[in-house]
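What follows is a short report on a single structure.
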Amino acid sequence: MPGPCREVAVTGLGVISPAGIGAQATWDGLLMGRSTAARDPELAGLPVDISCKVPDFDTAARVGRKAAWRLDRFVAMALLAARHAVADAGLGPTDWDAARVGVVMGTGTASMERYVGEFAKLAAGRPLDISPLAITRSVPNMAAAEIALDLTVTGPNFAVSTACASGSSALGVARDLLRAGTCDIVLAGGAESARHPIPAACFHRMGALSQRRDDPAGACRPFDAGRDGFVLSEGAAVLVLEHPDHARARGARPRAHLAGYGASCDAYHYAAPEPDGRGAAAALTAALADAGLGCVFPCCRRFVGPSADRPRCCW
């Protein structure tokens, strides 16, 4: 059994995104600077009708007809991303102890489309038409569950839901499973398909969506002074995280190492962050400390004095 470790190895990557299906296609799209936002027929008639859609994603063609009939879109994308990640890591069922392989997947909204569709049947007085798979196709843990079924892995299996941070939170939970020696390998990441009228209308009412429906390509502009909101999207990404002893024993060449993780809660507002950034700074500082590193913020390097007087970026 692997011993204690501080950091874990990232040995595989799978990505399904509006920029392309597969990590390489996504990377190529990013390098080209190609915007993926466009008018979305599924949001027609709403004040904001743009989104970023994964292109050419036919569930049956991508994951197989046998699985497609029971999978909602976010689950199918998670499953395909997991398959890509495992292949990228050079792993397969004969390369691991299934009981020591875990899956941790994050999602924020899970399957809004499924719930709405089945409720419409109930509202129309047709309860016997509700699918017996309505729950199992749509609950948040089904992405992790379907990955485990597909790969026949029997270790810890979790769903994490922390809104926009769900995927990052999943990586933290997975890292802890490896660091504790509970698992040799954990498949971790996130999946979402929020292109639905209800979240679109809700986020618009909240004032969270970009209003640039006449300029979809310029709508998503994080860190820009003219940013006016985000754009609904979908996709999935899965990392293969391994205990370094396990990766070393099989001769794996890591893509990267996850050395530290930090989490915090602003406890300020249900959607907006603390204006002075103390929540983000706390998470960053915790991650650096977890990795055994000191604070790297410039204001801290210049500061000498008791910790109680440190600037807020160190909180």
Side-chain angles (χ1 to χ4, degrees), residues 16-19 26 29-30 33-57 72-78 105-124 134 137-140 142-143 159-169 190-237 265-277 279-280:
I16 310 300
S17 82
T26 296
L30 290 173
R34 183 179 68 245
S35 174
T36 62
R39 291 286 181 88
D40 189 338
E42 295 181 38
L43 304 180
L46 297 177
V48 177
D49 57 358
I50 60 175
S51 76
C52 298
K53 180 180 180 179
V54 173
D56 305 319
F57 190 84
D72 266 27
R73 191 172 174 88
F74 86 103
V75 178
M77 290 190 291
M105 291 295 294
T107 186
T109 61
S111 185
M112 187 74 67
E113 181 177 6
R114 177 61 46 187
Y115 283 123
V116 172
E118 296 302 323
F119 179 77
K121 298 175 185 177
L122 187 65
R137 287 185 63 167
S138 55
V139 290
M142 288 314 297
V160 178
S161 186
T162 52
C164 300
S166 297
S168 297
S169 298
E192 200 77 80
S193 184
R195 295 172 38 260
H196 188 273
I198 286 184
C202 177
F203 282 127
H204 169 70
R205 292 276 293 163
M206 193 187 296
L209 294 182
S210 172
Q211 303 299 302
R212 292 186 172 90
R213 58 187 300 271
D214 295 325
D215 178 27
C220 186
R221 50 209 308 167
F223 311 113
D224 189 283
R227 177 182 183 271
D228 69 336
F230 67 88
V231 178
L232 287 176
S233 187
E234 63 179 359
C265 177
D266 287 13
Y268 171 75
H269 185 268
Y270 61 88
E274 172 72 45
D276 66 7

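Below, each value reflects all heavy atoms present in this structure, side chains not excepted, and no hydrogens, waters or symmetry copies.
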| said: Assess the residue pair Arg73 and Val54 against the criterion (side chain to side chain contact (heavy atoms under 4.5 Å, CB included)); give the C-alpha distance rounded to whole Å, side-chain angles, the decisive distance to 0.1 Å, and a yes or no. | reply: CA-CA 10 Å; Arg73 191 172 174 88; Val54 173; 4.2 Å; yes

| said: Tell me if the CG atom of Asp224 is crowded by more than 12 foreign heavy atoms within 6.0 Å. | reply: yes

| query | Taking the side chain as C-beta and beyond, is there a heavy-atom pair between Cys220 and Cys52 under 4.5 Å? | reply | no

| task | Can you see which heavy atom on Ser17 is nearest to which on Thr26, and at what distance? | result | OG-OG1, 2.9 Å

| request: Take Arg39 and Asp214 through the side chain to side chain contact (heavy atoms under 4.5 Å, CB included) test and state the conclusion after the steps. | output: CA-CA 9 Å; Arg39 291 286 181 88; Asp214 295 325; 3.1 Å; yes

| task | Please name the pair of heavy atoms, one in Val231 and one in Ala37, separated by the smallest distance, quoted to 0.1 Å. | result | CG1-CB, 4.4 Å

| Approximate separation, where rounding is to 0.5 Å, of Leu43 CG and Arg195 CZ | 7.0 Å

| query | Of all heavy-atom pairs between His204 and Pro47, which one has the smallest distance, and what is that distance? | reply | NE2-CB, 3.4 Å

| field | Heavy-atom closest contact (Val116 atom, His196 atom, distance) | value | CG2-CE1, 3.7 Å

| Nearest heavy atoms of Phe74 and Ser193, plus distance in Å | CB-N, 3.9 Å

| task | Return the set of residues passing salt bridge (Lys or Arg N to Asp or Glu O under 4.0 Å) with Asp266 (not counting sequence neighbours), or none when no residue passes. | result | none

| said: Please report the interatomic distance CZ(Arg213) to CD1(Ile50), rounded to the nearest 0.5 Å. | reply: 8.5 Å

| Electrostatic pair Asp228-Arg212, nearest N-O below 4.0 angstrom | yes

| Where do Asp72 and Met142 land on the side chain to side chain contact (heavy atoms under 4.5 Å, CB included) test, with the steps shown first? | CA-CA 9 Å; Asp72 266 27; Met142 288 314 297; over 6 Å; no

| Which atom names give the shortest non-hydrogen contact between Ala200 and Leu209, and what distance separates them? | O-CD1, 3.4 Å

